[in-house]
Amino acid sequence: MTISEAPGQKLTTKGLATRKRIVRAAAELIYEHGAQNTNNEQIREAAGVSGSQLTRHFPTKESLVRAVLAWQADNIVARHQAPELGELGELDSFAALHRWADACIASQDMLRGGCTFGSLAAEVVKTEPSHRDAVAHGFERWQELFKRGLSKMRERGELRPEADPAALAHLLAAAFQGGALLDQAAGESTPLRDALYGALAYIESFAAER
């Protein structure tokens, strides 16, 4: 599900804009305070909507949290498909993967707040098991970008046949998530840089000889 989707509802342009505004406001509040510490009054005030508007679009807090998870996942996918990372935004070269890592490090230098999707995911999978499928789907969408790019590299002969795109995609996602958490705790980006560059070095160990 994306933020434009409202099960059972046909939204007008104005309604869709209101829904998006609610989700964005909720995402910012939840990232700052956590889902458990964010209430409807805070969301209404931040989004500039009435209580009836909020409950019309999101009858339960669960439905709003799932929409925020989908929105955060959409943002991750969009950032990983930026044209500057490679042709058509594909992470399908060593150079593109290094540009991705450098962009992640630069972003964390500015934000110093951990991964927006990962932070919420870590909270809700423990407190709200019903959100586990939404979390898993978000991570799958993200890792599929790596998997697709690495598969293309293997098909072109840039990676040796024994390179496993799925396993390497897991490695990249885990390196970012773990590095971002350590970065947040340390207050500087060395842990994230070490984790990402270490993961890239491992992937490059599968480079085909020329």
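Since this is a predicted model, take the numbers as computed values, not measurements. Residues: numbered from 1 along the sequence shown.
Side-chain N or O atoms of R154 include one that pairs as donor or acceptor with a backbone N or O of A163 at under 3.5 Å. Side chain of R160 to backbone of A208: no donor-acceptor contact under 3.5 angstrom is found. Between the Q177 side chain and the A174 main chain, no donor and acceptor come within less than 3.5 Å of each other. With hydrogens and angles ignored, the 3.5 Å screen pairs a side-chain donor or acceptor of S63 with a backbone N or O of T60. S189 places no side-chain N or O within 3.5 Å of a backbone atom of L192 that could act as its donor or acceptor partner.
Here F146 and W100 bring their ring centres to under 6.0 angstrom of each other. Checked against the 6.0 Å centroid threshold, F117 and W71 do not count as a close aromatic pair.
The CG atom of L69 sits 8.0 Å away from the CD atom of Q72 when rounded to the nearest 0.5 Å. To the nearest 0.5 Å, atom CG of residue L29 and atom CZ of residue R24 are 14.0 Å apart. Atoms NZ and CD, on K61 and Q36 in that order, are 5.5 Å from each other to the nearest 0.5 Å. Atoms CG and CD, on D164 and E162 in that order, are 11.0 Å from each other to the nearest 0.5 Å. Considering CG of L150 and NZ of K152, their distance stands at 11.5 Å, rounded to 0.5 Å. Atoms OG and CZ, from S151 and R156 in turn, are 11.0 Å apart once rounded to the nearest 0.5 Å.
Listed here is the closest heavy atom pair of A96 and L91: O-CD2, 4.0 Å.
Scored by the side chain to side chain donor-acceptor pair (under 3.5 Å) test, T13 finds no partners at all (sequence neighbours excluded). Every residue meeting the side chain to side chain donor-acceptor pair (under 3.5 Å) condition with E62, not counting sequence neighbours, appears here in chain and number order: S130. With sequence neighbours left out, the side chain to side chain contact (heavy atoms under 4.5 Å, CB included) criterion links L182 to P191.
Residue pairs meeting the salt bridge (charged side-chain N to carboxylate O under 4.0 Å, His left out) criterion with at least one member in residues 28-46: none, sequence neighbours excluded. Applying the salt bridge (charged side-chain N to carboxylate O under 4.0 Å, His left out) test to pairs two or more places apart or on separate chains, those with a residue in residues 123-137 are R66-D133.
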Worked check of side chain to side chain contact (heavy atoms under 4.5 Å, CB included) between T116 and N75:
CA-CA 9 Å; T116 53; N75 287 341; 5.9 Å; no
What's the verdict on side chain to side chain contact (heavy atoms under 4.5 Å, CB included) for I43 and L64, showing C-alpha distance, side-chain angles and the deciding distance?
CA-CA 10 Å; I43 295 168; L64 179 55; 3.4 Å; yes
Might you work through the side chain to side chain contact (heavy atoms under 4.5 Å, CB included) test for L145 and E90, ending with a clear yes or no?
CA-CA 8 Å; L145 300 177; E90 295 285 354; over 6 Å; no
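Counting heavy atoms from C-beta on, the side chains of V23 and F58 come closer than 4.5 Å. Between T18 and R56 the shortest side-chain heavy-atom distance does not fall below 4.5 Å. Counting only heavy atoms from C-beta outward, the side chains of V125 and H131 never approach each other to under 4.5 Å. Using a 4.5 Å heavy-atom cutoff, the side chains of Y31 and T38 are not in contact. Residues Q184 and L181 have side chains in contact (heavy-atom distance under 4.5 Å, counting atoms from C-beta outward). Proximity of D183 to T190: side-chain heavy atoms (C-beta onward) are nowhere separated by under 4.5 Å. Residues E158 and D92 have side chains not in contact (no heavy-atom distance under 4.5 Å, counting atoms from C-beta outward).
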Please tabulate, for side-chain N and O atoms in residues 196-207, each donor-acceptor pair with protein atoms closer than 3.5 Å (sequence neighbours left out).
from, atom 1, to, atom 2, distance (Å)
Y197, OH, D102, OD1, 2.6
E204, OE2, H98, NE2, 2.7
S205, OG, Y202, O, 2.4

